[in-house]
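Naming convention: chains lettered A, B, ... in sequence-line order (proteins, then strands); numbering from 1 in each chain.
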Number of protein chains: 2
Amino acid sequence: MVGATGAVGTVMLSLLDERPDIWGEIRLIASARSAGRRLRVRGEDVEVLTLAPEAFDGVDIAMFDVPDEISARWAPIAAAHGAVAVDNSGAFRMDPDVPLVVPEVNADAVADRPRGIIANPNCTTLSMIVALGALHRAFGLQSLVATSYQAASGAGQAGVDTLYAQLAAVAGDRDLGRNAGDVRKAVGADGLGPFPAPLALNVVPWAGSLKDGGWSSEETKIRNESRKILGLPGLKVSATCVRVPVVTTHAVAVHAWFARPVTADAARAVLRAAPGVAVLDDPAAGEFPTPADVVGTDPTWVGRVRQSLDDPHELALFVCGDNLRKGAALNTLQIAELLVSHDQVRR
Amino acid sequence: MVGATGAVGTVMLSLLDERPDIWGEIRLIASARSAGRRLRVRGEDVEVLTLAPEAFDGVDIAMFDVPDEISARWAPIAAAHGAVAVDNSGAFRMDPDVPLVVPEVNADAVADRPRGIIANPNCTTLSMIVALGALHRAFGLQSLVATSYQAASGAGQAGVDTLYAQLAAVAGDRDLGRNAGDVRKAVGADGLGPFPAPLALNVVPWAGSLKDGGWSSEETKIRNESRKILGLPGLKVSATCVRVPVVTTHAVAVHAWFARPVTADAARAVLRAAPGVAVLDDPAAGEFPTPADVVGTDPTWVGRVRQSLDDPHELALFVCGDNLRKGAALNTLQIAELLVSHDQVRR
């Protein structure tokens with residue numbers, strides 16, 4: 001596992017404790033800065049190795065959670081050493097020779113990996129795609145509007161630290177949030193962290209980098225990755241990505257159009273039967289998923305399922321998924337488990 | 001002014017200080033509980049009167065910001081006394097004999113008021129409708145998906161108090177927000193206030209009451225009111241309303257389809273020329289509206305204007321509007337000013 005000491009790596013280690021132990025040796029790899037540290041894996045202390053070609057000697061599956069440029073360089077090296085690289089960066093997701101895999105949606109795609117690399121989708125795509133995949137199989141997805149409520153941890157540990165620090169800076173002052181810029185002033189210019197505006201007592205309609213046409217990279221990722229995972233190259237997708245003051249778990253308001261008419265009852269029946277999906281949808285009883293109520297769990301949570309009042313082919317839903325678990329570590333691990341269970345590694 | 005002591009009434013008083021003084025006597029009216037209090041209006045102390053029929057004697061314009069059932073009873077009484085009632089409750093908005101008015105969009109509608117009542121739209125509709133009205137006039141609106149990021153003050157002063165109290169309860173604990181239900185526990189069962197789930201470190205996909213098909217009243221209001229204000233009874237509208245931990249100013253991610261193709265440049269040009277709209281849209285420079293940066297101001301702020309990559313008729317935008325100002329007090333006052341300037345009151 002490369003990137004063992006990051007926010008996602010930490011979740012990966014706890015998942016390795018929880019899930020079936022189908023592993024032989026687990027090797028932890030990180031930058032030179034973290035090498036030599038000892039981390040607890042499946043009850044044992046394991047020393048973190050420095051990222052180097054020989055670290056991949058004899059490795060069957062190399063899981064990467066590191067920045068794009070590190071993955072771009074090192075995943076091919078791991079593959080050249082005979083490992084299957086399962087990469088959670090954006091470096092290979094749209095490479096036509098690299099499958100982009102969500103086990104509940106397109107498990108078969110793991111077999112076709114000419115470069116020896118399998119990509120893990122972006123956390124925002126992952127927070128909704130398992131539910132959408134199930135609905136697509138049943139009703140034929142044609143068009144999608146996705147607007148996100150994204151957690152601070154999507155911006156890494158720096159995002160989490162920034163949110164906690166900003167909350168501490170604004171809490172207790174009951175005058176804040178009523179005049180333009182007062183939260184920005186309370187947070188301070190050097191308190192913005194990785195965000196382009198204050199996140200405490202605010203929402204920020206920006207995530208990632210600027211792409212053509214004013215779209216953010218987070219928004220184009222949702223479009224491109226959804227198309228590839230679902231095998232729908234012509235799927236219409238418009239996304240608006242917004243950061244909210246939540247620690248972990250992304251939420252997405254999904255409005256989707258299908259080839260066949262779809263009632264809320266029919267959609268809920270499909271979702272209840274779908275692996276990896278949990279339905280929580282009884283607003284009369286106050287039942288719907290919220291990030292703080294489902295964080296730390298594995299499923300894609302779905303609620304607020306509604307058929308459009310104007311178009312029987314249109315469905316609205318509200319989806320929550322833990323961006324560090326299913327959105328990153330869990331899906332990566334599921335891909336690795338798939339490889340082992342299908343005996344697709346050389347071991 | 002009926003409801004002078006509430007959250008919106010307080011903003012109304014400060015707006016009366018700021019805007020042209022075209023008023024004669026201003027009478028403040030509230031429930032018996034608040035009667036006798038003295039409030040500052042245009043530099044003078046004015047005593048709050050008890051709501052009673054005779055309080056409307058000689059009144060030209062009666063502005064109401066009170067719960068639906070109070071408006072339902074008292075706005076007709078004010079009208080029977082010869083006043084034009086401008087009502088910010090939901091009691092009359094969909095009444096075919098009551099115009100629903102946004103001065104920048106359908107000012108002419110004030111003249112046709114068979115019941116002597118004019119309704120002010122819901123705050124969430126108002127946070128986006130001025131921008132949508134301008135785009136509709138230019139490009140012909142056909143269909144709309146609106147997903148909201150709604151502030152706590154939309155639930156009144158109790159919502160604001162609850163958010164501040166919850167922030168104080170969670171701030172400083174850097175373990176919260178990582179495990180399901182830990183925020184709920186920190187906030188406490190009696191700390192939820194008017195919200196069905198914790199709002200601090202969370203987002204809550206519910207506002208209002210339950211309507212047919214699982215829609216919330218806030219969501220059906222956006223649909224019904226947008227249709228009426230824009231004069232488009234067949235407009236397709238799907239909304240998902242979500243409460244976020246922001247004090248004041250609603251944000252809405254809008255995805256809209258038009259009869260004519262619409263580029264982002266053309267849309268921005270229309271919006272820049274539109275009264276009541278301010279465009280803030282240069283993501284490369286970190287420019288886009290956020291609630292905390294525009295709260296306390298009058299315009300409808302628009303940023304993140306993007307043409308769909310898949311459909312030249314589809315536009316995405318991110319809109320912010322102060323729900324207590326344009327979303328309530330300001331629009332009410334603008335309607336009253338329109339009546340005075342058009343000499344439509346008996347004075």
Side-chain angles (χ1 to χ4, degrees), chain A residues 145 147 149 164 167-168 170-172 174 176-181 183-184 196-198 201-206 210 213-215 223 236-238 240 242 244-248 251 253 255 264 283-284 286 288 290-297 303-311 314 316 318, chain B residues 145 147 149 164 167-168 170-172 174 176-181 183-184 196-198 201-206 210 213-215 223 236-238 240 242 244-248 251 253 255 264 283-284 286 288 290-297 303-311 314 316 318:
Chain A
V145 167
T147 66
Y149 302 72
Y164 283 129
L167 278 182
V170 303
R174 291 187 173 228
L176 286 178
R178 299 159 190 264
N179 292 292
V183 169
R184 194 177 274 269
L201 290 176
N202 207 14
V203 301
V204 181
W206 191 259
L210 180 62
W215 297 87
R223 175 167 174 268
K236 291 181 182 179
V237 184
S238 280
T240 295
V242 180
V244 295
V246 164
V247 178
T248 292
H255 290 250
F288 35 73
T290 80
D293 286 327
V294 305
V295 60
T297 67
R304 302 296 329 280
V305 182
R306 292 149 289 158
Q307 185 180 38
S308 163
L309 297 167
D310 302 316
D311 180 351
E314 183 192 349
F318 188 77
Chain B
V145 167
T147 66
Y149 303 72
Y164 283 129
L167 278 182
V170 303
R174 291 188 171 226
L176 286 178
R178 298 159 189 263
N179 291 292
V183 170
R184 193 176 275 268
L201 290 177
N202 206 15
V203 301
V204 181
W206 191 260
L210 180 61
W215 297 87
R223 177 168 173 267
K236 292 182 182 179
V237 184
S238 280
T240 295
V242 179
V244 296
V246 164
V247 179
T248 291
H255 290 250
F288 36 72
T290 80
D293 286 327
V294 305
V295 60
T297 67
R304 302 297 327 280
V305 182
R306 293 149 288 158
Q307 185 180 39
S308 163
L309 297 167
D310 301 318
D311 180 351
E314 183 192 348
F318 188 77

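- Per-residue heavy-atom pair counts under 4.5 Å with chain A were compared for B:Thr248, B:Asp311, B:Val246, B:Val294, and the maximum is reached by B:Val246.
- No side-chain heavy atom of B:Tyr149 sits less than 4.5 Å from a side-chain heavy atom of A:Pro205.
- Taking each heavy atom of A:Ala171 and B:Ala171 in turn, the nearest pair found is CB-CB, 3.4 Å.
- Side-chain polar atoms of B:Arg306 and A:Ser238 form no donor-acceptor pair below 3.5 angstrom.
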Residue pair A:Val247, B:Leu176: steps toward the side chain to side chain contact (heavy atoms under 4.5 Å, CB included) verdict: CA-CA 8 Å; A:Val247 178; B:Leu176 286 178; over 6 Å; no
Is there a side chain to side chain contact (heavy atoms under 4.5 Å, CB included) between B:Leu167 and A:Leu201 once you walk through the steps? CA-CA 9 Å; B:Leu167 278 182; A:Leu201 290 176; 3.4 Å; yes
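- At a 4.5 Å heavy-atom cutoff, the contact between B:Leu210 and chain A is made by side-chain atoms alone.
- Residue B:Tyr164 touches chain A through both its backbone and its side chain, counting heavy-atom pairs closer than 4.5 Å.
- In this structure, chain B has a heavy atom under 4.5 Å from the side chain of A:Arg304, while its backbone stays farther away.
- The heavy-atom pair separating B:Ala180 from A:Asp293 by the smallest distance is CB-O, 3.2 Å.
- Options B:Ala251, B:Gly172, B:Ala284, B:Pro283 differ in how many heavy-atom pairs under 4.5 Å they form with chain A, and the most are formed by B:Pro283.
- Interface summary for chain B: among A:Pro291, A:Pro196, A:Ala168, the most heavy-atom pairs under 4.5 angstrom belong to A:Pro291.
- In terms of heavy-atom proximity, B:Arg223 sits nearest to A:Asp310 at NH2-OD1, 2.6 Å.
- When all heavy atoms of A:Asn202 and B:Ala292 are compared, the pair lying nearest together is OD1-N, 2.8 Å.
- For B:Ala197, the part lying near chain A is the side chain, with the backbone staying farther off; criterion is any non-hydrogen pair under 4.5 Å.
- Without hydrogens or angle criteria, A:Trp215 side chain to B:Ser308 main chain gives no donor-acceptor distance under 3.5 Å.
- Of all the listed residues (A:Leu309, A:Val170, A:Val237), the one sharing the greatest number of non-hydrogen pairs under 4.5 Å with chain B is A:Leu309.
- With a threshold of 4.5 angstrom between heavy atoms, B:Val244 approaches chain A through side-chain atoms but not through N, CA, C or O.
- Residue with the most contacts toward chain B among A:Pro198, A:Gly296, A:Gly181: A:Gly181 (heavy-atom pairs, distance under 4.5 Å).
- Contacts with chain B were tallied for A:Gly286, A:Pro245, A:Ala253; A:Pro245 has the most, counting heavy-atom pairs under 4.5 Å.
- With respect to chain B, the highest number of heavy-atom pairs below 4.5 Å among A:Arg184, A:Gln307, A:Lys236, A:Arg178 belongs to A:Arg178.
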